[in-house]
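Here is the structure we will look at.
Each ligand, and each atom within it, is numbered from 1 in the order the structure gives.
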Amino acid sequence: MAQRSAHPVVPIALLVFGLVAILLLTIRTEDVQEKPGFMYGIVLDAGSSHTALYIYKWPADKQNGTGVVTQHRECHVKGGGISSYAGQQGAAGQSLEACLDQAVKDIPKEKHHVTPVYLGATAGMRLLHLFSQEQSNQILQEVGRKIQSYPFSFQGAAILSGREEGAYGWVTVNYLLENFIKYGFVGHWFSPGRPTVGALDFGGASTQITFATQEEVEDKQDMMKLRLYGQEYSLYTHSFLCYGQDQVLKRLLAHIAQSQGYSGSVDHPCYPAGHSRTLKFSSIFNSPCTAKYKPSSYDPQASLTVQGGGHYEHCLGNVSEIFSFDSCPFSQCSFDKVFQPNVSGSYMAFSAFFYIHSFLQHITNITVSTPSQLEEAARAVCRMSFNEMLLVAPEQKVRLQDYCASSVFVKVLMLRGYGFDETSFSRISFQKKAGDASVGWALGYMLSLSNLLPAETVGLRKALTPGAWGTLIFLFVLLLTTVLVFILFRTCGGKKKGGSESTI
Ligand SMILES: Nc1ncnc2c1ncn2[C@@H]1O[C@H](COP(=O)(O)OP(=O)(O)OP(=O)(O)O)[C@@H](O)[C@H]1O
Ligand SMILES: [Ca+2]
């Protein structure tokens, strides 16, 4: 009797198990709609040409996966970069007020005191530091004091090295593309096993190239090892100071002025034909980047008239001369005696690379995805008159005179300098945003400094593929059917047995 009543426990347990398993595998999951409890972080990207304030947010209970931290808001500071306020006491700090006030409104009040704020300054402040350490320290202190007058948790104002700027840009790109780890099909983090993407940043005063490489990095200064989510990454990164767009344009003018004997009027082959502009010598020679072109004696207040020539070949000649392709102390160089391994894989090109690429496509109607298309578009822009460009892109009026020079520069930098060819160039994606987040070093900087990027795995598990998931459901349904058949069989068998007992 006791033996008989214990038997059904096993099939019933199996039945419940099968049902629960099927339910767990098939039930629809939804994000919990309760108060999410977000955490916030702020980065001020104090660039050479302007400052941007980014607010990021992430759910308080989840922070280790990629794609978890998203951009909440961005605010662009009016006026120039903080370094442009050198010598004007209080002005750099004041310039940040409007965006900081906005951040106070954008972040819930109860989170203010736990919201970290970082200010990172790049090439403009690096140049100012070279020019006057005292002025750059004074600006950093002043912006630090200004941020501390807000209710957030100030974490410091620092000048990033070129290496850091490059590496944080690479981290941002790959975090946004979920190349480190990815949220899987049934809710677990797994390694997507994808190669990483290189980062190309063209700022106002410097340009960075960063990518993972298996090749030996002959100059250890350009090598960086990162351990993220249990994976080791070997990066090549180099930042070229004075190779940002504004500094390149200044150096080009200085080079042209020098080669034409510093007379009061010069022919600029990259300006649109017929276009002319007058500027002060001081606006060209006010930067350490143009020091080597500076005449031994000159009047900074003297005027220089620049006459446009709209001549692609001459422009290319002059632009190429601001690089040095001569000698290389390593097995191979990009330019200026800087080692670079061969470019490999895909790239994301942002900041001015994006602006120039999208302008070229817009104004010429040429899709720029090969080196020859880049050259064709650059030639077309250099041929256009100022008014022709103005008709198509009136909102860009102040920049129109520079697009021929900038496009030719991008061509020389990417093709002759970095060595992108037909195949590798087509694997560059020019973009400003990835999802809702702006592409730049700021996100990678915050992730790294606030320990949101673990070195080790975060319970890294393989997610189920749809095939495996289907097989599991099939097996559980099979189990359920077998158990049901078994129970039915037993019940019928038991009844029959019971019936015969009573009749005997
Ligand atoms: N909408 C735009 N169209 C074209 N060019 C632009 C636009 N906005 C900015 N630029 C120019 O693009 C260049 C790069 O801008 P970006 O803001 O990336 O530089 P930055 O961060 O200030 O400089 P850096 O990173 O060197 O410190 C600058 O020369 C800037 O003047
Ligand atoms: Ca920048």
In short, salt bridge (Lys or Arg N to Asp or Glu O under 4.0 Å) pairs touching residues 312-322 with sequence neighbours left out are Glu313-Arg379
Summary of disulfide bond (SG atoms under 2.5 Å apart) pairs that have at least one residue in residues 399-432, sequence neighbours excluded: Cys382-Cys404
Do Tyr243 and Phe335 have ring centroids that are under 6.0 Å from one another? yes
Here the disulfide bond (SG atoms under 2.5 Å apart) pairs for residues 334-373, sequence neighbours left out, are none
Ligand 1: protein residues within heavy-atom distance under 4.0 Å: Gly47, Ser48, Ser49, His50, Thr122, Ala123, Glu165, Phe202, Gly203, Gly204, Ala205, Ser206, Gln245, Asp246, Ser351, Ala352, Tyr355, Gln396, Arg399, Tyr403
Tested for side chain to side chain contact (heavy atoms under 4.5 Å, CB included) against Phe202, the lone hit among Gln245, Met414, His357 is Gln245
Closest non-hydrogen contact found for Ser153 with His113 is CB-O, 3.5 Å
